Amino acid sequence: MRFEINKYLLDDIENSEHPSDFEIAKDYSILILRLPFIKNDKVDVANYAFLIKDDKVYIFDRKKDEFDLLGDFMDLHNFLDVRVDKILAKINKLHMQIAKMEDDLYENRIDKSFANEWLKFKKDLVLIERLMGHALIAFERFLKYYKSEVDNFAFKDLKEHFERALRFAKNAVEKLDYLYEFFRAKQDEKMNKIMFVLTLLSGIFLPLTLITGFFGMNTGGLPLTDDPYGTIKAVIIAFILEVPIVWILWKMMRS
């Protein structure tokens, strides 16, 4: 079905990447909703363009490059309700996966794939949050303009679903940010322990290296070279030097 549409609005309708918007013309209005599209448990993007004229709703078919009759306002509600419910179901699943990730972190069962999983969840949720935020603004403008036609429980419930999806996505993103900070703290703690052990080992072997290097010089006049107990005495001297060095290192690392 063809309509006389403003050229600029037509460009917006045909643009599959146009953000959500609501525009009012002389005898019709255009509602564009760019929403998350859940397919095979993956988050993609779908752009829907609706033309409302004489209480009839038409949806733009990108393959045919024209509008098809969708029905009345309740048909529009049903069309959107199914898709928003799928978005809510996906967000709920992501919340459950994040909760398991959180439990694993608390139990110190950090998986090697944590960073990749975290990045995947963050990417999906940020996309959902951004799209639902823009869509909610356009949808609220649509509801305000057609208040008399859509002032019923069904559309109020649909708006609440939009708001809930946005709110849950934001909460999940905040939870992911907290988990990543916790993960980094755990990794830093692990690295600090490794550095502590390496520093302690370096401090222990430094005097031994100094003693062996000193007595291993190929020069004359070295002490204890003619002493039959020279090796034992050198070892005792090395261990005596070790005690204060290890104690100092321990105090420094514990402070």
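These figures come from a predicted structure and were not determined experimentally.
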Listed partners of Lys64 passing side chain to side chain contact (heavy atoms under 4.5 Å, CB included), at least two apart: Asp61, Glu66, Asp68
Straight-line distance of Asn152 CG to Lys147 NZ, nearest 0.5 Å: 13.0 Å
Minimum-distance pair of heavy atoms, taken over all atoms of Ile32 and Ala138: O-CB, 4.3 Å
Inter-residue atom distance Asn47.CG - Phe60.CZ, 0.5 Å rounding: 10.0 Å
Sequence-distant partners of Asn171, side chain to side chain contact (heavy atoms under 4.5 Å, CB included), two or more places apart: His95, Arg167, Phe168, Glu174
Joint hydrophobic cluster, Trp118 plus Leu125, side-chain heavy atoms closer than 4.5 Å: yes
Nearest-0.5 Å distance, CD of residue Gln97 to CG of residue Asp124: 9.0 Å
side-chain contact (heavy atoms from CB on, under 4.5 Å) evaluation trace for Tyr28 with Glu4: CA-CA 10 Å; Tyr28 64 89; Glu4 292 292 331; over 6 Å; no
From CD1 (Ile52) to OH (Tyr146), nearest 0.5 Å: 5.0 Å
Whether Phe139 and Phe155 hold their rings parallel, tilted or perpendicular, with breakpoints at 30° and 60°: parallel
Short side-chain to backbone donor-acceptor contact, Arg62 and Tyr48, under 3.5 Å: no
Residues which pass side chain to side chain contact (heavy atoms under 4.5 Å, CB included) with Ala135, listed by chain and number, not counting sequence neighbours: Ser20, Leu33, Leu35, Phe162
Worked verdict on Asp44 versus Lys39 for side-chain contact (heavy atoms from CB on, under 4.5 Å): CA-CA 7 Å; Asp44 206 341; Lys39 184 177 181 180; 5.8 Å; no
Test salt bridge (Lys or Arg N to Asp or Glu O under 4.0 Å) applied to Lys56 - qualifying residues, sequence neighbours left out: none
Test side-chain contact (heavy atoms from CB on, under 4.5 Å) applied to Phe121 and Leu179, step by step: CA-CA 12 Å; Phe121 295 159; Leu179 289 181; over 6 Å; no
Check: Ala154 main-chain N/O paired with Asp157 side-chain donor or acceptor under 3.5 Å: no
side-chain contact (heavy atoms from CB on, under 4.5 Å) between His77 and Phe73, worked out: CA-CA 6 Å; His77 166 273; Phe73 284 104; over 6 Å; no
Check ion pair Glu140-Lys144 (N to O, under 4.0 angstrom): no
Qualifying residue for side-chain contact (heavy atoms from CB on, under 4.5 Å) with Asp85, from Val82, Asp81, Ile87: Asp81
Atom of Val57, atom of Asp72 and distance for their closest heavy-atom approach: CG2-O, 3.7 Å
Nearest-0.5 Å distance, CG of residue Leu176 to CZ of residue Phe183: 13.0 Å
Audit row: Lys156, Glu160, salt bridge (charged side-chain N to carboxylate O under 4.0 Å, His left out) steps and yes/no: CA-CA 6 Å; Lys156 289 179 181 178; Glu160 194 276 331; over 6 Å; no
Donor-acceptor under 3.5 Å (Asn92 side chain, Leu88 main chain): no
Lys122 side chain to Val173 backbone, donor-acceptor under 3.5 Å: no
Separation of Ile13 CD1 from Ile30 CD1 (nearest 0.5 Å): 3.5 Å
Arg34 to Ser16 - nearest heavy-atom pair and separation: NH1-O, 2.9 Å
Candidate pair Lys90 and Asp41, rule salt bridge (charged side-chain N to carboxylate O under 4.0 Å, His left out), full reasoning: CA-CA 7 Å; Lys90 177 61 178 179; Asp41 203 35; 3.2 Å; yes
Joint cluster assignment, Ile137 & Leu131, ILVMFWY side-chain distance < 4.5 Å: no
Check against ring pair (Phe, Tyr, Trp, His ring centres under 6.0 Å), Phe142 and Phe50: CA-CA 11 Å; Phe142 160 78; Phe50 304 96; 8.6 Å; no
Closest heavy-atom pair and its distance - Ala49, Phe67: O-CE2, 3.9 Å
Residue pair Leu76 / Leu70: nearest heavy atoms and the distance that separates them: CA-CD2, 3.9 Å
Acceptor/donor pairs from residues 98-106 side chains to any protein atom, 3.5 angstrom cut, sequence neighbours excluded:
| from | atom 1 | to | atom 2 | distance (Å) |
| --- | --- | --- | --- | --- |
| Lys100 | NZ | Asp104 | OD2 | 3.2 |
| Glu102 | OE2 | Tyr106 | OH | 2.8 |
| Glu102 | OE2 | Lys175 | NZ | 3.3 |
| Asp104 | OD1 | Arg109 | NE | 3.4 |
| Asp104 | OD1 | Arg109 | NH2 | 2.9 |
| Tyr106 | OH | Tyr178 | OH | 3.1 |

Cation-pi check, Arg141 onto Tyr145 ring (under 6.0 Å, within 45° of axis): no
Qualifying residues under side-chain hydrogen bond (donor to acceptor under 3.5 Å, both in side chains), relative to Lys170, sequence neighbours excluded: none
Ile128 versus Ala169, closest heavy-atom pair with distance: CG2-CB, 4.1 Å
